[in-house]
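Every chain is numbered from 1, with letters handed out A, B, ... down the list of sequences.
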Amino acid sequence: MSVHITYFGMLAEMAGQADEVWTMDEQLTVGKFRGLLLEKYPSMREKKFKIAVNQKISEDFVPIELAAEIAVLPPFAGG
Amino acid sequence: MSVHITYFGMLAEMAGQADEVWTMDEQLTVGKFRGLLLEKYPSMREKKFKIAVNQKISEDFVPIELAAEIAVLPPFAGG
Amino acid sequence: MEKIHKPKKVFVQGPISPDFVSKSIASHQSKTTIGAHAIFLGQIRADQKDEGIVTGIEYSAYEEMAEKTFHAIREAAFAKFELTCLHIYHSLGIVPTGEISLFVFVSSPHRRAAFEASEFIVEEVKANVPIFGKELIGDKGEYVWKENG
Amino acid sequence: MEKIHKPKKVFVQGPISPDFVSKSIASHQSKTTIGAHAIFLGQIRADQKDEGIVTGIEYSAYEEMAEKTFHAIREAAFAKFELTCLHIYHSLGIVPTGEISLFVFVSSPHRRAAFEASEFIVEEVKANVPIFGKELIGDKGEYVWKENG
């Protein structure tokens, strides 16, 4: 399966890119995705961030289906 | 002593005038003034109103000194 | 607050225009400690009364006492809340339906103080300032006296 | 509320002008069931940071999700409070200090609903809309990422 990942704000700076596509064999959950993300970008361990799946903030247990749009969101700053 | 009385809003309509001067022998309190007012204008009995002495809303026990400025105020409608 | 706030002119003749509101906002953009403005506008409703539809309100006031009360409300708000600026404007004379008769403009570094002060001031104005209003009805000069609840 | 409120455009490029606020107010004067407008404006502060003085904020957003969230906030506010109208505008791109980046405009027959809805919406926007901000510092391109508390 493949997922499309978008990074925002300071997390895009840490990832060195605004988006990327991951292809993998196994089924993903949000929690599992978070683990893989921190493995790839260890500097994100120090940052607070939220994960949105198909534009919805999602808890770790949520499964990520095929072709999902994943967004990695730093703290909000609107207003 | 004499006191200057000003009527506002619907109370000026009831008094038939915007202001008048009362001269009297005795010492006045706000309560006593209220009694004399209702005697002179019985239709005011049905209305809610406040009495300000020298621009301050005053309770019945407050004495009214010489040359005081008394205002008879209907319900407020600001805003 | 040790700062003394001079009495300011509150009453304006007739309606308060959107353009006046805009100019007030613009004049606060040089104050860069401000993070939040809370603005309240009172607009005249075309209420249906037993006597007919309201076409406007004609305001009058015990002006000297009203100005003193406005000043006391301003002082109380500055003492209670962390405010940078505070302005109150109220109409006298006729304000037709759809037009604005009250403009409360509060500015603060932070939103919480701005929200709380705005509510506080509007409630104080409605309850304690000697302003009187005739709700004008129809086109034959009829009216009913308005009374804040 | 059975009424359906269409998604509206919230984002504007750069600062929100006082003139835009004024035009929004004027366009509500034909709605004579409105008795109270509550307006909230967020203005950029020239805060002192360790790195220097803030000269502006550069906003970006996860736009599709942000628009959906704004729409959900609007629907929630209409369901919770007796509102006649409700508009939210937020800047994208650079907003210099002293300029306005958030404009929440709530109109209701009565002041209580207007006050409560205004606060509700501002808090929701700050907590739940994926908007990001760089606090720009000095004139050498430095910045720090902003974070709502």
Flag side-chain contact, heavy atom, 4.5 Å: [X] against [Y]:
X       : Y      : answer
D139(C) : T55(C) : no
S101(D) : Y59(D) : yes
I100(D) : P15(D) : no

Name the orientation class of the two ring planes belonging to F105(D) and H37(D) (parallel below 30°, tilted from 30 to 60°, perpendicular beyond 60°).
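The arrangement is tilted - the two ring planes meet at 30° to 60°.
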
Once the angle between the rings of W145(D) and Y143(D) is folded into 0 to 90°, is it parallel (under 30°), tilted (30 to 60°) or perpendicular (over 60°)?
perpendicular

Please round to the nearest 0.5 Å and tell me the distance separating atom CD1 of I53(C) and atom CG of D47(C).
10.0 Å

Separation between NE2 of H87(C) and OG of S27(C), rounded to the nearest 0.5 Å
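Nearest 0.5 Å value for the NE2-OG distance: 6.0 Å.
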
Closest-packed option against chain C by number of heavy-atom pairs under 4.5 Å, given V104(D), L41(D), T97(D)
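Between V104(D), L41(D), T97(D), the count favours L41(D).
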
Looking at I25(D), D19(D), V21(D), which makes the most heavy-atom pairs under 4.5 Å with chain C?
I25(D)

Which atoms of [X] are under 4.5 Å from chain D, going by heavy atoms: the side chain, the backbone, both sets, or neither?
X       : value
K126(C) : side chain
V122(C) : side chain
I44(C)  : backbone
R111(C) : both
L102(C) : neither
S24(C)  : neither
S30(C)  : neither

With chain D, which of [options] has the greatest number of heavy-atom pairs at distances under 4.5 Å?
options                         : result
A36(C), A26(C), P109(C), G98(C) : G98(C)
A114(C), S22(C), S17(C)         : S22(C)
S118(C), S107(C), G42(C)        : S118(C)

Taking heavy atoms only and a threshold strictly under 4.5 Å, list by residue number the residues of residues 63-74 of chain D that touch chain C; give 'none' if the list is empty.
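The residues closer than 4.5 Å to chain C amount to none at all.
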
Please lay out, stage by stage, how R45(D) and E135(D) fare under the test salt bridge (Lys or Arg N to Asp or Glu O under 4.0 Å).
CA-CA 10 Å; R45(D) 285 195 312 271; E135(D) 293 182 311; over 6 Å; no

Please evaluate residues K134(C) and E142(C) with respect to the criterion salt bridge (Lys or Arg N to Asp or Glu O under 4.0 Å), reporting the C-alpha separation (whole Å), side-chain torsions for both, the decisive distance (0.1 Å), and the verdict.
CA-CA 9 Å; K134(C) 279 180 184 176; E142(C) 284 186 284; over 6 Å; no

Strictly below 4.0 Å, N to O, side chains only: are E58(C) and K146(C) in salt-bridge contact?
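Salt bridge flag = no for K146(C) with E58(C).
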
Exam field: side chain Q43(D) to backbone H28(C), donor-acceptor pair closer than 3.5 Å:
yes

H110(D) vs E82(D), side-chain hydrogen bond (donor to acceptor under 3.5 Å, both in side chains): CA-CA, chis, key distance, verdict:
CA-CA 8 Å; H110(D) 303 289; E82(D) 188 199 352; 4.9 Å; no

